[in-house]
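This chain uses plain numbering: 1 for the first residue, then up along the sequence.
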Amino acid sequence: MWTLFRHEMSAFTGTLPDSYGRYRAGRLENALAGRPGWCSWQLTAGPHPVAFAVARALDEPRHVLSSFFVVIPARREGVGAMLATAVIDSHPGRWSVAYQDENTAAAQFWRHVAEGLDPDWWHEHRPVPGQPDLVPDSWIHLDTTQPCP
C-alpha cells in the first residue's frame, strides 16, 4: 500500500520513483523498525488491507500524522475517519496533519476529522522544507487533551 500512497501523492508533489520503481519509504521504515516516537497502523477488511497511517513525534509535545492512505474502494465509507480518529485517540494530545490544498478530497476530509475531534482546531500554510519551488503544505492542528463537550 505504501507504493500506492506515494504514487497518489506524486500527483501533488511531483516526486518520481527511483530507478527500481520505488518511492522513498523512510517514514514507513522508521515506524516499522519501532524507532522512538514512531508508530504505524493498518486497517483491514477481512484479509484485505484497506488503510494505513504513520505517525511521528509521539514522544514530543506535538504529534504528527505524517502518512495516511485509504485504498480507493474503501473511500467514502467512513474507514478513513475511523482510522484517523483511532490513531489520534490512541495518543491524546496536540496533533498536526499536513496535506496539499490541491488535494481537495484530503482538505475536506481533514477538516471534517478535525471538527469532530477539536472544535478549536486551526489551520496554517507552511513552506515544504528544502523544496521552495513546491506550493506550501496546509497544516491542521488540533488538541485532544480536553474531551469535547
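- With values rounded to the nearest 0.5 angstrom, W121 atom CH2 is found 12.5 Å from S96 atom OG.
- At distances below 3.5 Å, at least one donor-acceptor pair connects side-chain atoms of T144 with backbone N or O atoms of G93.
- Smallest separation of non-hydrogen atoms from F109 and A81: CE1-N, 3.4 Å.
- Closest heavy-atom contact between V135 and V128: O-CG2, 3.6 Å.
- Within 6.0 Å of NE2 on H112 lie no more than 12 heavy atoms contributed by other residues, nucleotides or ligands.
- Rounded to the nearest 0.5 Å, atoms CH2 (W110) and CG (L142) are 9.0 Å apart.
- Here F68 contributes atom CZ and F52 contributes atom CZ; the two are 9.5 Å apart, rounded to the nearest 0.5 Å.
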Does the side-chain contact (heavy atoms from CB on, under 4.5 Å) test come out yes or no for R56 and R35, once each step is laid out?
CA-CA 9 Å; R56 64 179 170 83; R35 297 243 177 0; over 6 Å; no

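- With T85 contributing its side chain and M82 its backbone, the two residues share no donor-acceptor pair below 3.5 Å.
- Minimum heavy-atom separation, H63 to A57: ND1-O, 3.0 Å.
- Across all their heavy atoms, I140 and A114 have their closest contact at CG2-CB, 3.7 Å.
- Between V64 and W95, the shortest heavy-atom distance links the atoms C-CZ3, 3.9 Å.
- By the 30° and 60° cut-offs, the orientation of the rings of Y99 relative to H123 is tilted.
- Taking both residues in full, the closest heavy atoms of V79 and A51 are given as CG1-CB, 4.1 Å, listed atom of the first, atom of the second, then distance.
- Within the model, atoms CD1 of I88 and CG of L65 stand 6.0 Å from one another, a figure rounded to the nearest 0.5 Å.
- Using a 4.5 Å heavy-atom threshold, the side chains of H125 and D137 count as separate.
- In terms of modelled atom types and a separation under 3.5 Å, the side chain of R75 and the main chain of V70 share a donor-acceptor contact.
- Within a 6.0 Å sphere centred on CD of Q108, other residues, nucleotides and ligands contribute 12 heavy atoms or fewer.
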